[in-house]
2 protein chains.
Amino acid sequence: MPRPSTPLLSPDRIRSTALAIIDRDGLDGLSMRKLAAELGVQAASLYGHVRTKDQLLNDIASSILSSVDVSGFSVDWREGLLRCARSYRAALSSHPNIVPFLAYGPAGRDESLQRLDLLHGALVEAGWSRREATMIAAGLMYIVFGSALSTFSSGFSADPADYSGRYPHLDRAHLLPGVARELDRDSFELALAAFVRGL
Amino acid sequence: MPRPSTPLLSPDRIRSTALAIIDRDGLDGLSMRKLAAELGVQAASLYGHVRTKDQLLNDIASSILSSVDVSGFSVDWREGLLRCARSYRAALSSHPNIVPFLAYGPAGRDESLQRLDLLHGALVEAGWSRREATMIAAGLMYIVFGSALSTFSSGFSADPADYSGRYPHLDRAHLLPGVARELDRDSFELALAAFVRGL
DNA sequence: TGGGTTAACCTAACACTGTTCGGTTAATCG
DNA sequence: CGATTAACCGAACAGTGTTAGGTTAACCCA
């Protein structure tokens, strides 16, 4: 195929299709050839619109995280922390399969740093020292990312039959997919509340 | 080379060499061929001792996490949580490059579940409901894994020069490698203390 | 001591992966 | 109308995890 009359590709279309594949098939389920096929194109064509796969993933991550809400600090720093953490987690858990990618760091994403800077400034404004502000922001991120990892409760719902008897205290009922999701959210809320209260 | 007089390979030797490569070259720096070369062997030979690369990584992760200390619950549940979290973090941060692998879940590692079961039982023993116990254990893991991800403070020490001016509140001094490590540990301690206190 | 079995390694290959190079054609601009 | 550029393609490269089939040494039993 030569140059088509209307372009088949655009950075946006590539990003959204890639994200759809990640959501459907997992992070490892995304390959440039599969992405290209889904767009009706050959793999090489993608590189006219995207510098590299890693860059593509970074862009996707950035766009997901752009919905994080840091407006709550105008009310109160506690409210700011809560609102920021909740919207952060909401963003991540709406696309859980991309979280492992974020785990690779170093998160040099500009928007992330900008948000972080804002958060940090608000905490200093509220009377915390610079060092304390950094640590509080870090602690908040620990809880957000930790809960998004789903290594925990949603992690082991694979085959509940395996667990019976071998782990006397763990309740098998906790592992049903529906319950696990709710439990994950409640665990996050508990950790968040305990953290903010304990400051 | 035919069958050697004394075997060149053993699961232990494979695991420890693989871990050394991961520590040195990162998670992506480990390939079966490179691992084999480092062991003086061809890649295919590894598969006589290891079922699959994924399994190998799981085994390595298990052995790293086997040093987690869950003995503190005989004293007091708070002490148990603190000791468990600290030893968990110590284990992870001694081999930070394997943490991204753990982010893939689902952590069906037997020892992890056994530890979790013990932790859960101790919390129930202390008077928490089963559901609360699960959530508290999850919250603890959030902080441990979140801090191990190092997406945060140690994450962006790449090029401090880039940050000057663009992020008015973030202190460049926080990004020096030595400071970042200490800051990471202190942030973890702060988050942990706040969490346990807030329960 | 000899023969069969098994264990430990090998070479070669398969189906992938991300990415690049050089070509081909259509749209677009002067 | 002609030159340039943008958008795609085919083919290839080096690398990945993994498997099949072959070769030889060590081991066990008669």
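The sequence lines fix the lettering, A, B, ..., with proteins before strands; numbering per chain opens at 1. Keep in mind that what you see is a predicted model, and the values were worked out from it rather than measured.
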* Output the residues of residues 42-49 of chain A in contact with DNA chain D, where contact means a heavy atom of the residue under 4.0 Å from an atom of the strand; sort by number or write none. => A:Gln42, A:Ala44, A:Ser45, A:His49
* Kindly write out the residues that satisfy ring-ring contact (aromatic ring centres under 6.0 Å, His included) with B:Phe188, not counting sequence neighbours, or none if the list is empty. => none
* Asked: Between C:dG18 and A:Thr52, is there an OP1 or OP2 to side-chain N/O distance shorter than 4.0 Å?
  -> no
* Asked: Rounded to whole angstroms, how far apart are CG on B:Asn58 and C1' on D:dG17?
  -> 16 Å
* Asked: Atom CG of A:Leu39 to atom P of D:dC9: distance rounded to whole Å?
  -> 11 Å
* Asked: Does any residue of residues 28-36 of chain B have a heavy atom under 4.0 Å from DNA chain D, and if so, which ones, in number order?
  -> B:Leu30, B:Ser31, B:Met32, B:Arg33
* Side chain of B:Glu132, backbone of B:Ser129: donor and acceptor closer than 3.5 Å? -> yes
Do any side-chain atoms of residues 189-199 of chain A form donor-acceptor pairs under 3.5 angstrom with protein atoms, and if so which ones, sequence neighbours left out?
residue	atom	partner	partner atom	Å
A:Glu189	OE1	A:Arg86	NE	3.3
A:Glu189	OE1	A:Arg86	NH2	3.1
A:Glu189	OE2	A:Arg86	NE	2.9
A:Arg197	NH1	B:Gly198	O	2.1

* To do: Write down the distance between NZ (A:Lys53) and P (C:dT17), rounded to a whole number of angstrom.
  => 9 Å
* To do: Could you tell me which residues satisfy side chain to side chain contact (heavy atoms under 4.5 Å, CB included) with A:Ala133, sequence neighbours excluded, listed by chain and number?
  => A:His120, A:Leu123, A:Val124
* Tell me yes or no: between the side chains of B:Ser71 and B:Asp69, is some donor less than 3.5 Å from an acceptor? => yes
* What heavy-atom pair brings B:Leu56 and B:Ala18 nearest, and what distance separates the two atoms? -> CD2-CB, 4.2 Å
* Structure fact -> The salt bridge (Lys or Arg N to Asp or Glu O under 4.0 Å) partners of B:Asp12 (sequence neighbours excluded) come to B:Arg15
* Between A:Asp184 and B:Tyr142, do the side chains contain an N or O donor and an N or O acceptor separated by less than 3.5 Å? -> yes
* **Distance in angstrom units between A:Ile14 CD1 and D:dA7 P, rounded** => 11 Å
